Amino acid sequence: MSKPSLPQGTRDFSSETVRKRNHIFSTIKSVFECYGFEPLETPAMENLETLMGKYGEEGDRLIFKILNNGLNDPKNETKAKEGFEKLLNGKNSSALTERALKYDLTIPFARYVAMNHGQLTFPYKRYQIQPVWRADRPQKGRYREFTQCDADVVGSTALINEVELSNIYHEVFIRLGLNKYSLKINNRKILSALAEKIDGSNLLIDITIAIDKLDKIGIDKVNQELMQRGLAQNQIDFINQYLNVNGDNQEKLEKIEKLLSNNNQATEGINELRYIIQVANKANIDIDFTLARGLNYYTGTIFEAKAPAEIQMGSIGGGGRYDNLTALFGVSNIPGVGISFGVDRIYDVMDEMNLFPNNIYSSVRALFFNMGIEESKFSYSVMQTVREKGIACELYHEHAKLDKQFKYADKKNILFAVIIGSQEMNSNTCILKNLQTGEQQQIPLEELLNSFKNNSRPLTNPNTH
RNA sequence: GUGGUUGUAGCUCAGUUGGUUAGAGCACCAGAUUGUGAUUCUGGGGGUCGUGGGUUCGAGCCCCAUCAUCCACCCCA
């Protein structure tokens with residue numbers, strides 16, 4: 001038996017980590033609910049067919065596929081061997097795999113809407129908080145199993161949805177203490193207009209992939225990459241003018257309007273951005289014409305949320321408008337727009353910035369000390385009356401030195417020690433000790449409940465991990 | 001998928017050009033102290049040196065493979 005281990009890129013979450021993650025989940029959830037979104041959950045696995053071809057070539061490669069059962073059955077042998085041959089040639093074979101772990105929450109959601117559009121009330125606003133899996137090589141802020149929190153609105157083209165989603169980003173990040181986040185926003189229509197302007201509509205994806213890297217690799221390397229991707233010098237020159245558009249949001253919009261004049265797509269995209277920044281005036285929106293985003297189903301507004309600049313971390317959220325996602329599943333005319341929070345990255349950022357409040361480390365309120373066989377029976381019955389009032393407490397599991405029982409209470413961040421020895425038993429009293437202040441007093445048992453109510457939770461961070 | 005980094009006690013890490021029986025701090029257990037958390041003192045348990053091969057009289061150290069980790073690329077949350 002070898003040492004137990006975890007698959008690459010997956011993690012166990014200790015109690016402290018779970019509490020911190022729950023703090024993020026509940027914050028996001030309450031904001032989603034506040035904006036009228038309803039919960040949805042879908043299975044961990046989907047039919048492979050549902051997922052393939054939805055995330056681009058690279059995305060397909062990163063989908064975790066599940067091997068079919070029963071391949072070793074003799075009657076499946078030729079089928080299995082044929083399937084394997086296909087696999088070696090780089091093709092998927094339903095003979096070998098027909099299910100896969102979900103890669104994101106948006107496509108399964110589109111599948112759900114396509115299957116249930118008859119029953120849903122539109123616009124349908126749903127949120128979903130579930131793990132997803134990607135067969136990527138792990139590194140900083142990147143895991144093979146991670147949790148996404150999505151909110152999407154389908155069945156509406158109204159821009160007010162984009163406004164609401166922007167405000168949701170703002171509300172969540174403010175509540176979590178990430179005040180200096182930034183929300184980059186752009187519109188695919190503007191990118192399309194750029195491609196049209198230089199007669200390069202067929203190269204739209206190449207252009208967006210290259211310019212998306214601007215802040216990372218610099219203008220020279222972007223130009224190099226554009227050249228490699230087959231763009232001519234005059235096209236690149238125009239793209240450079242596009243990339244040089246700067247200033248505050250208003251200035252940028254005016255400049256891009258001039259640069260991409262007489263183009264319907266550009267006009268539409270610009271008007272949409274203008275509406276969003278005007279109505280969602282509270283959010284930290286930063287128009288960024290270099291924002292492109294990989295997923296090729298986006299058609300209008302695109303979002304990307306960035307951690308405060310002082311933290312080295314990629315995007316902590318993203319989303320956009322997709323005007324016909326359910327068409328992939330045979331149901332057309334259901335436009336939608338959605339956003340996603342990357343909880344695992346938000347966690348890492350908050351951890352690095354020390355933003356978790358201390359009061360999330362809730363623990364049991366009191367430890368009843370075990371002073372012997374008879375004493376512990378008595379303590380147990382007292383404790384049960386306290387538990388009936390909804391106050392969390394524990395009885396130390398065995399008779400042990402007080403030193404040990406105190407240390408246990410310390411480690412579990414328990415505020416009160418309740419000591420009932422033979423003397424206290426005889427007088428129907430107990431010793432109540434506040435472990436933070438060290439104060440202790442002997443009180444009648446009837447007063448025990450009240451003493452808990454008047455005291456707040458411990459506020460120290462437990463050192464257990 | 002490509003390139004690099006690291007892997008020694010529960011945790012953080014030393015370990016010399018390859019050379020006796022692999023160390024420290026913290027943590028843990030017992031006692032000094034059988035009704036009060038600290039400190040101090042005394043004693044104690046713990047390791048197939050990530051795993052599997054190889055070179056060598058001899059490997060924690062060198063070589064190969066493999067797994068995991070962290071980092072960069074690609075891509076992405």
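Within every chain, numbering begins at 1; the chains are lettered A, B, ... in the order of the sequence lines, protein sequences first and strands thereafter. The structure presented is a predicted model; accordingly, all values stated were derived computationally and were not measured.
- Across all strands shown, Gly421(A) has heavy atoms under 4.0 Å from base atoms, whether or not it also approaches the sugar-phosphate.
- Computed from coordinates, the Phe64(A) CZ to C76(B) P distance equals 17 Å when rounded to whole Å.
- One N or O donor and one acceptor, one from the side chain of Arg142(A) and one from the base of C75(B), sit under 3.5 Å apart.
- Contact between the side-chain N/O atoms of Lys407(A) and the OP1/OP2 oxygens of U36(B) is not found at any separation under 4.0 Å.
- When each of Ile302(A), Thr299(A), Asn187(A) is checked for a side-chain contact (heavy atoms from CB on, under 4.5 Å) with Arg321(A), only Thr299(A) meets the rule.
- At a threshold of 4.0 angstrom between heavy atoms, the contacts of Ile431(A) include nucleobase atoms, whether or not backbone atoms are also involved.
- Not one side-chain nitrogen or oxygen of Lys401(A) sits closer than 4.0 Å to the OP1 or OP2 atom of G35(B).
- Summarising the geometry, the separation between CZ on Arg144(A) and C1' on C76(B) is reported as 14 Å, rounded to the nearest angstrom.
- Within 4.0 Å (heavy atoms only), Glu424(A) reaches at least one base atom of the nucleic acid.
- Here Ser315(A) lies in heavy-atom contact (under 4.0 Å) with sugar-phosphate atoms only.
- For G46(B), there is no paired base (Watson-Crick or G-U wobble, both distances below 3.5 Å).
- Among the protein residues, Gly438(A) comes within range of the nucleic acid bases, having at least one heavy atom under 4.0 Å from a base atom.
- Asp403(A) comes within 4.0 angstrom of the backbone, heavy atoms only, and of no base.
- The nearest heavy atom of RNA chain B to Glu304(A) and to Arg137(A) marks one nucleotide each, and the one closer to the 5' end goes with Arg137(A).
- Judged by closest nucleotide on RNA chain B, Pro138(A) is the one of Phe146(A) and Pro138(A) placed further toward the 5' end.
- Among the atoms of the strands shown, none is found under 4.0 Å from any heavy atom of Gly372(A).
- Considering only the side chain of Lys411(A), C28(B) comes nearest among A68(B), C28(B), C76(B).
- For the C1' atom pair drawn from U51(B) and C13(B), the interatomic distance equals 22 Å after rounding to whole Å.
- If you check every strand for non-hydrogen atoms under 4.0 Å, Tyr143(A) touches a base.
- Here Asp344(A) does not pair with Arg142(A) in a salt bridge; the nearest charged N to carboxylate O distance is not below 4.0 Å.
- Here the C1' atom of nucleotide G4(B) and the NZ atom of Lys140(A) are 18 Å apart, to the nearest Å.
- The residue Gln139(A) sits close to a base: some heavy atom pair falls under 4.0 Å.
- Closest to the side chain of Leu435(A), out of C75(B), G37(B), A68(B), is G37(B).
- The CZ atom of Phe25(A) sits 13 Å away from the C1' atom of A77(B) (whole-angstrom rounding).
- Only the P atoms considered, G60(B) is 14 Å distant from U48(B), to the nearest whole Å.
- Glu171(A) has a carboxylate O that lies under 4.0 Å from a charged side-chain N of Arg175(A), or vice versa, which qualifies the two as a salt bridge.
- Remark: Glu164(A) engages Lys125(A) in a salt bridge, criterion side-chain N to carboxylate O under 4.0 Å.
- Between the P atoms of G43(B) and C49(B), the separation comes to 29 Å (whole Å).
- Counting non-hydrogen atoms under 4.0 angstrom, Thr10(A) reaches nothing in the nucleic acid.
- For Glu58(A), whose side chain is taken as the heavy atoms from C-beta onward, the closest listed nucleotide among C74(B), C71(B), G37(B) is C74(B).
- Picking from U69(B), A77(B), U36(B) the nucleotide with the shortest atom distance to the side chain of Arg134(A) gives A77(B).
- Taking the P atoms as reference points, G19(B) lies 11 Å from C62(B), given to the whole Å.
- When the P atom is compared between G46(B) and U20(B), the two are found 23 Å apart, to the nearest whole Å.
- If you check A68(B) for Watson-Crick or wobble pairing at under 3.5 angstrom, you find it paired to U6(B).
- Remark: aromatic rings of Phe341(A) and Phe173(A) are close, center separation under 6.0 Å.
- For Gln436(A) against G37(B), no side-chain N or O and base N or O form a donor-acceptor pair under 3.5 Å.
- Within the 4.0 angstrom heavy-atom criterion, only backbone atoms of the sugar-phosphate kind lie near Lys404(A); the bases stay farther away.
- Arg11(A) and Thr17(A) are not linked by any side-chain donor-acceptor pair at a separation below 3.5 angstrom, with hydrogens and angles left out of the test.
- No donor-acceptor contact under 3.5 Å links the side chain of Gln405(A) to the base of U36(B).
- Across the protein-nucleic acid pair, Tyr298(A) atom OH and A77(B) atom C1' stand 11 Å apart, rounded to whole Å.
- With salt bridges taken as basic N to acidic carboxylate O contacts below 4.0 Å, none links Arg19(A) and Glu16(A).
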